[in-house]
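Letters go in sequence order (proteins before strands), and every chain restarts at 1. The structure displayed is predicted, hence computed values, not measured ones. Side chains are part of it too, since the values below use all heavy atoms of this structure and drop only hydrogens, waters and symmetry mates.
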Amino acid sequence: MPRFHLSTPIYYVNAAPHIGHAYTTIVADTIKRFRRMLGEDAYLTTGTDEHGQKVERSAHKAGLDPKQFTDRVSAAFRREWDELGLEVDHFRRTSDPRHALAVCRIFERCLENGAIYKDSYTGKYHLGDEAFVTDEEAAQSDPEQITTVTEENYFFRLSDFQQRLIDLYESQPDFVQPDTRRNEVLAFVRSGLRDLSISRSSLRWGIPLPNDPEHVFYVWFDALTTYMSAIGYGEEESGETDYERLWPIDVHLVGKEIVRFHAVYWPAFLMAANLPLPRQVWAHGWLIFQGGKMSKTKGNIVRALPVKEVVGTDGLRYYLLREIVFGQDGNFSHKALATRYNADLANGIGNLASRTVSMLSKYCGGEVPAASGGDDGGLPALAATSIADAVGHYRRFAFSRALESVWSLLSRVDKYIVEHRPWMLAKSRETAAREELEATLYNTAEALRVATALLAPIIPDGAQKVWEALGQEGRVANVRLDRLAWGGLVAGTRSGPQRAVYPRLDVAKAVKQMEALEEQALAEQAELMGRGRPVKRIEIDTPEIEIGDFARVDMRVGLVQAAEPVRKSRKLLQLQVDIGEAEPRTILAGIAEAYAPEQLVGRRVAVVANLQPRKMMGRVSQGMVVAASLDHGKPHLAGFSEEAPVGARLT
RNA sequence: GCCGGGGUAGCUCAGUCGGUCAGAGCGACGGACUCAUAACCCGUAGGUCGGCGGUUCAAGUCCGCCCCCCGGCACCA
């Protein structure tokens with residue numbers, strides 16, 4: 001039996017699962033169900049990425065040690081997939097000792113092949129990003145986040161793999177999909193590759209290097225290797241594993257933000273270790289919410305479970321796969337979701353199933369009649385087209401199009417019913433009318449059967465219900481889509497009871513309900529992450545300072561005398577600010593997107609007067625104007641509601 | 001400024017190789033029907049497919065220039 005193996009990313013446990021995680025995993029589950037329905041042995045691998053400084057700190061904040069903390073969050077992910085009915089076959093945590101075996105194994109193979117070297121490195125390190133930054137970047141960052149670090153690190157000779165990677169992308173054009181992502185990757189690799197630092201000695205919460213336990217693996221070797229450790233790589237000695245059978249993997253499903261790691265670093269590691277490469281990396285887009293990306297401070301985090309409570313897993317799955325063109329960014333809103341649910345699931349397939357079963361029961365005694373000729377309305381041909389198109393689209397992960405082709409069949413059936421008016425035919429005593437009635441109901445039920453099978457990967461629960469309503473035996477998931485054809489419905493089959501598979505929703509009410517549940521979930525999540533309050537609140541997590549620290553900052557009232565845009569700059573304005581000195585200061589401020597120059601002249605602002613001068617866009621800024629912003633959003637200048645004297649110090 | 005992605009009916013968006021592509025769903029209005037989940041069916045949307053040029057027998061669909069929006073980066077101290 002052919003096998004198919006795919007993965008979702010290994011989710012970082014720094015945050016509780018939200019709908020973005022669910023999206024990827026739902027897609028993966030859909031693909032898996034589809035491949036199963038092609039008769040393949042399909043497996044889905046996922047897991048949690050649990051090491052690193054951020055997790056260490058989050059744990060600390062929650063008053064837990066990292067192990068306890070990650071146990072908790074990882075379990076939340078696992079539970080999430082269970083509750084969403086997602087069929088995960090391999091779930092691996094990077095904190096699992098078996099995972100460490102795999103990481104060490106791959107590392108050692110790379111080491112033996114000369115792809116690893118040790119070097120010392122001194123540089124500015126950004127604590128929040130857990131990464132070394134350039135001096136330039138450091139200067140722009142929050143000074144609290146920057147420290148200078150000298151450390152011995154192990155490096156991976158990524159630069160050696162440039163040509164082999166380019167050859168890979170060129171010989172296997174499908175290796176990275178969609179094409180726009182492939183182009184980006186190709187451009188990135190062509191522009192030259194720098195060796196990759198793969199260890200940290202400053203960190204404890206991680207997997208120690210086998211040859212140098214003072215170091216732990218930095219994210220790449222650790223997290224990416226999960227795809228192999230999950231199926232038993234590294235532990236073959238202790239018995240039989242799935243590794244031989246499931247590697248190389250067919251598809252790594254990833255978000256577009258992590259394409260580089262999967263399409264560049266990961267194959268390079270495997271090349272160096274002399275191991276087979278994945279067949280494909282497929283990157284999807286992001287969910288866009290009203291008001292932009294999800295963010296904690298905006299308080300617009302959306303979770304999957306509240307949505308599921310109201311529209312079921314089918315409703316969520318259907319919306320995500322129908323409304324969003326896979327590979328592109330897509331909008332998410334509760335209202336659009338509820339509307340889509342009503343239009344397509346309740347009024348569409350749900351209603352069609354309901355009227356079909358009802359007519360079978362009323363006009364044919366609950367038995368599927370024989371198709372004794374009569375007008376088939378072109379349904380057999382249309383069904384054949386739908387099957388071919390939908391299967392083709394599924395293969396290419398074009399879910400929204402697969403659904404469109406199924407819906408072209410379903411909506412045709414609704415028209416077909418009206419054209420033939422079975423309720424009129426039923427009133428007639430004539431044989432011809434009887435035959436037409438039976439043919440109509442057979443064709444209707446058969447088209448519905450075909451459509452239901454095609455929909456099973458996306459809406460498994462409802463598909464099963466419709467399947468049973470049509471009196472079909474067993475699981476619709478066991479239907480072979482590659483053999484699905486018109487005519488499979490057997491005359492004489494007893495149909496099931498009529499019921500609403502997808503009850504219609506009151507959209508406004510449904511939206512309210514989801515939002516209310518969302519609030520609740522938010523509170524639960526806060527608890528999970530060990531925080532007393534909802535994450536919506538601002539948290540002040542900067543270190544405490546003394547009064548003396550503050551006194552070192554000399555802030556003055558300044559009067560803006562002139563303001564002009566900076567050429568070629570999007571954000572900067574150049575200001576002349578009088579702070580009572582002999583000459584006004586020239587200050588560059590990143591506020592051009594929020595303020596027009598003429599708005600500023602004559603305005604009083606707060607100026608940091610003893611700040612080191614800084615060069616930007618070829619000009620020197622002699623200070624800084626103070627502004628407030630949320631999440632690097634739009635800045636709001638600090639000012640004075642009274643006429644504060646120019647040059648007065650802020651204390 | 002550079003690199004991506006977009007600008008198509010009131011709204012959300014499809015449009016694979018240039019030739020029924022000017023579309024779907026939602027919303028609105030009118031009608032018809034009763035098997036069905038106030039459902040389904042029929043009709044009504046006058047959208048210069050962002051703008052201007054070009055290639056072509058033929059262009060949302062290819063090329064050039066321009067405008068606008070969204071990401072990311074280069075300048076937010």
Without decimals, in angstroms, what is the distance between [X] [atom1] and [N] [atom2]?
X: A/E419; N: B/C41; atom1: CD; atom2: C1'; result: 9 Å
X: A/M616; N: B/C76; atom1: CE; atom2: P; result: 6 Å
X: A/D414; N: B/C33; atom1: CG; atom2: P; result: 18 Å
X: A/L572; N: B/C75; atom1: CG; atom2: P; result: 10 Å
X: A/H420; N: B/C42; atom1: NE2; atom2: P; result: 14 Å
X: A/M424; N: B/A32; atom1: CE; atom2: P; result: 15 Å
X: A/Q498; N: B/U37; atom1: CD; atom2: C1'; result: 9 Å
X: A/R421; N: B/C42; atom1: CZ; atom2: C1'; result: 11 Å

Should the pair [X]-[Y] be classified as a salt bridge under the 4.0 Å nitrogen-to-oxygen rule?
X: A/R585; Y: A/E581; result: yes
X: A/E468; Y: A/K465; result: no
X: A/E430; Y: A/R434; result: no
X: A/D389; Y: A/R401; result: no

### Task
Assign B/G46 to syn or anti; the rule is syn for a glycosidic angle within 90° of 0 and anti otherwise.
anti
### Message
If a pair means Watson-Crick or G-U wobble with both distances below 3.5 Å, what does RNA chain B look like in dot-bracket form, with | marking bases paired to a different strand?
### Response
(((((((..((((.........)))).((((.........)))).....(((((.......))))))))))))....
### Query
Where along residues 360-370 of chain A does a heavy atom come under 4.0 Å from RNA chain B, residue by residue in number order?
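The stretch gives A/K362, A/Y363 as the residues lying under 4.0 Å from the strand, ordered by number.
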### Query
Which pairs pass salt bridge (Lys or Arg N to Asp or Glu O under 4.0 Å) with one or both residues in residues 503-514 of chain A, sequence neighbours excluded?
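Residue pairs with at least one partner in residues 503-514 of chain A: there are none.
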### Query
Is the phosphate of B/U34, meaning OP1 or OP2, less than 4.0 Å from a side-chain N or O of A/R355?
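Indeed not, no polar side-chain atom of A/R355 lies that close.
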Give a yes or no on whether the backbone of [Y] and the side-chain of [X] come within a donor-acceptor separation of less than 3.5 Å.
X: A/S354; Y: A/G350; value: no
X: A/Y341; Y: A/P503; value: yes
X: A/H420; Y: A/P422; value: no
X: A/R412; Y: A/G377; value: yes

### Task
Kindly write out the residues that satisfy side-chain contact (heavy atoms from CB on, under 4.5 Å) with A/A627, not counting sequence neighbours, or none if the list is empty.
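In terms of side-chain contact (heavy atoms from CB on, under 4.5 Å), with neighbours along the sequence ignored, A/A627 is linked to A/P635, A/L637.
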## Note on the structure
Per nearest nucleotide of RNA chain B, the residue lying toward the 5' end, A/S621 or A/S358, is A/S358
### Task
Let me know, please, whether A/I591 or A/T356 comes out on the 5' side of the other along RNA chain B by nearest nucleotide.
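Its nearest nucleotide being more 5', the pick is A/T356.
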Please classify the nucleic acid contact of [X] as base, sugar-phosphate, or nothing, using heavy-atom distances under 4.0 Å.
X: A/A426; result: nothing
X: A/L588; result: sugar-phosphate
X: A/P422; result: nothing
X: A/V566; result: nothing

### Rounded C1' spacing from B/A45 to B/C11 in Å
13 Å
### Query
Mind checking the C1' distance from B/A9 to B/G50? Whole angstroms is fine.
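My reading of the C1' atoms in B/A9 and B/G50 gives 15 Å.
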### Query
Of all heavy-atom pairs between A/P457 and A/P460, which one has the smallest distance, and what is that distance?
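In this case the closest contact between A/P457 and A/P460 is O-CD, 4.2 Å.
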Choose from [options] the nucleotide whose nearest atom is closest to any side-chain atom of [X].
X: A/L611; options: B/C41, B/A77, B/C40; answer: B/A77
X: A/A346; options: B/C76, B/U37, B/A77; answer: B/U37
X: A/K415; options: B/U37, B/C41, B/C75; answer: B/C41

Under-3.5 Å N/O pairs linking protein and nucleotides 13-15 of chain B:
residue : atom : partner : partner atom : Å
B/C13   : OP1  : A/N331  : ND2          : 2.2
B/A14   : OP1  : A/Q328  : OE1          : 2.9

### Task
Sugar-phosphate atoms are those with a prime plus P, OP1 and OP2; base atoms are the rest. Using that split, label each nucleotide of nucleotides 17-30 of chain B B, S or - for protein heavy atoms under 4.0 Å, 5' to 3'.
--------SS----
#### Entry: A/R322 atom CZ: more than 12 heavy-atom contacts under 6.0 Å
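For A/R322, atom CZ is crowded (more than 12 foreign heavy atoms under 6.0 Å).
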### Task
Count the heavy atoms of every other residue, nucleotide or ligand shown that sit under 6.0 Å from CD of A/Q612, and state whether that count exceeds 12.
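No.
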### Message
Please verify the inter-ring angle class for A/F397 with A/F399; under 30° counts as parallel, over 60° as perpendicular, anything in between as tilted.
### Response
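Correct class here is parallel.
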### Message
Is the ring pair A/Y319/A/F332 parallel, tilted or perpendicular, if the boundaries are 30 and 60 degrees?
### Response
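Plane angle over 60°, so perpendicular.
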